[in-house]
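Counting starts at 1 for both ligands and their atoms, in listed order. Nothing fancy with the numbering, it's 1 onward along the sequence.
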Amino acid sequence: MANRKIDLLGLASFSHGQPHDQFRWLRANDPVYWHEEPDGCGFWAVTRHQDVCTVSRDPQYSSYAGGIAINDMDPDGLAASRNMMLFMDPPQHTRYRMLVSQQFIPRSARALRSRIEELARRIVDRVIDRGECDLVSQIAGELPSYVIAELMGIPLEDGRVLYEWTEKMHSSSEAVPETDKRAASMQMLNYALAVAQEKRQKPADDLATRLLNSEIDGDRLTPAEYTFFFLLLVNAGGDTTRNLLAGGMLALFENPDQLGQLRSDLDRLLPVAVEEMLRYVSPVVYMRRTATCDTVLGGKRVGAGDKVVMYYGSANRDEQVFAEPDKFDVARAPNEHIAFGGGGTHFCLGAHLARIEIQVMLREILTRLPDIAAAGPVEWLPSNFISGPRHLPVRFSAGGAARA
Ligand code: HEM
């Protein structure tokens with residue numbers, strides 16, 4: 001078969017965002033593609049919407065067996081990570097997820113809205129008189145780190161430190177050495193232990209205290225279960241939400257007609273535009289599963305033990321599901337994107353919360369910094385796992401709306 005150069009591992013493919021030209025070719029020519037791996041046994045790259053949903057929902061594809069990253073972990077690392085529900089299969093997964101799911105249902109997320117609005121106001125207050133800033137680190141990254149700190153019941157400023165560790169952990173080992181990545185996880189786990197000690201002495205109405213008091217089958221969580229739960233909640237909601245906000249703003253800058261349309265009918269279009277940003281940006285590039293038995297996917301024979309990798313950014317540009325998939329359309333409806341997962345048991349726990357954070361922050365930016373514009377080249381994150389701008393310089397009239 002005539003094959004173009006496909007490389008979904010090397011950072012060069014992600015230096016300008018996700019490799020949509022490769023994804024387009026794969027969807028059209030080889031949607032369940034066997035991808036060689038220089039340091040591994042290879043994997044199936046799944047690029048169509050329908051196949052990604054199948055893998056997400058079918059219990060024969062396991063998160064427990066080999067974890068969620070393409071690179072196989074060493075046995076100790078994998079065993080430790082299995083303390084997190086992201087690395088579990090049902091029924092074990094269901095028991096862990098139930099411990100915290102109540103905190104993330106729409107009602108609980110909505111109850112946080114006014115506090116999130118206050119935090120977003122504070123973030124814009126800090127930059128508004130400067131007339132310029134880095135949208136990624138000084139606006140988009142601030143809110144998710146504050147919100148998770150708020151939920152966990154830790155100081156807001158600690159949320160920023162946790163988020164720096166998250167970023168290291170999610171970088172490719174080409175960009176951040178494995179030793180530094182491991183050090184960042186250790187710092188996060190030690191921090192979680194220190195929080196546990198504090199919450200035992202001073203219990204409060206927060207997620208950290210709730211985790212400490214949780215029971216699985218009549219037993220409290222072990223220290224490892226508690227610390228990895230903490231790490232998952234911090235890791236999952238930080239750079240994903242930040243990348244969506246920054247990537248979404250970049251899409252607006254690059255499509256001024258869409259920015260104009262959104263501004264002209266902000267109340268009606270904001271939630272619709274957020275869904276389009278989720279589709280278009282797709283901050284999580286992939287999740288891996290491992291086949292637990294011989295099976296067939298998209299006409300290919302998948303063997304027991306094979307790695308199966310779901311490319312959400314590709315599924316979200318599938319021309320069989322989305323008209324003009326490469327067009328950024330703030331009024332797109334319906335929009336069956338799967339940026340939060342393809343609907344299986346691991347579907348993003350924080351989806352409602354993330355949507356509120358994104359809507360609130362975008363409204364704050366668009367109303368208080370009405371002439372905000374890109375002011376320099378975008379630098380992309382060095383990662384084949386999480387996608388988004390690493391730096392996005394912006395400028396706006398100092399003082400914002402009042403003087404704009
Ligand atoms: C734009 C923002 C976000 C995106 C794009 C996103 C995306 C995802 C994706 C793709 C998954 C895996 C789905 C699967 O394997 O089927 C996931 C899982 C998860 N997300 Fe999010 N997420 C976001 C924000 C958040 C936030 C704010 C939180 C909460 C603090 C959160 C918590 C989680 C958790 C705990 C899981 C694991 C769920 C499980 O294993 O059952 N996420 N997310």
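Using a 4.0 Å cut-off between a side-chain N of Lys or Arg and a carboxylate O of Asp or Glu, Arg160 and Glu157 qualify as a salt bridge. Between Arg242 and Glu167 a salt bridge is recorded (basic side-chain N to carboxylate O distance below 4.0 Å). Glu275 and Arg355 are joined by a salt bridge, as a carboxylate oxygen and a charged side-chain nitrogen come within less than 4.0 angstrom of each other.
Side-chain atoms of Thr54 and His49, non-hydrogen and from C-beta on, never get closer than 4.5 Å to each other.
The aromatic rings of Tyr311 and Tyr286 sit tilted relative to each other, their planes meeting at an angle between 30° and 60°. Ring geometry, Tyr280 versus Phe328: the interplanar angle falls from 30° to 60°, so the pair is classed tilted. The aromatic rings of Phe340 and His337 sit tilted relative to each other, their planes meeting at an angle between 30° and 60°.
At a heavy-atom cutoff of 4.0 Å, ligand 1 is contacted by the backbone of Thr345 but not by its side chain. Contact annotation: for Arg289 versus ligand 1, heavy atoms closer than 4.0 Å belong to the side chain alone.
Looking only at distances, a side-chain donor or acceptor of Asn243 sits under 3.5 Å from a matching main-chain atom of Ser387.
Near Arg97, meaning under 4.0 Å from any of its heavy atoms, are these atoms of ligand 1: 38 (C), 39 (C), 41 (O). The Phe104 neighbourhood of ligand 1 comprises atoms 29 (C), 30 (C), with distances under 4.0 Å to a heavy atom of that residue. Residue-ligand proximity, Thr241 to ligand 1, at heavy-atom distances under 4.0 Å covers atoms 1 (C), 2 (C), 24 (C), 27 (C).
Remark: Glu118 CD is packed, more than 12 non-hydrogen atoms of other residues, nucleotides or ligands lying under 6.0 Å away.
Evaluation of the ring pair (Phe, Tyr, Trp, His ring centres under 6.0 Å) test over residues 50-97, restricted to residues two or more places apart or in two chains, returns His93-His346.
Around atom 13 (C) of ligand 1, the closest heavy atom drawn from His346, His93, Met287, Gln103 belongs to His346.
Take a cut-off of 2.8 Å around atom 21 (Fe) of ligand 1: the protein N, O or S atoms inside it are Cys348 SG.
For atom 10 (C) of ligand 1, the closest heavy atom belonging to the protein is Ala339 O, 3.4 Å. Protein heavy atom in closest approach to atom 37 (C) of ligand 1: Leu86 CD1, 3.7 Å.
Every heavy atom of Ser56 sits 4.0 Å or more from the atoms of ligand 1.
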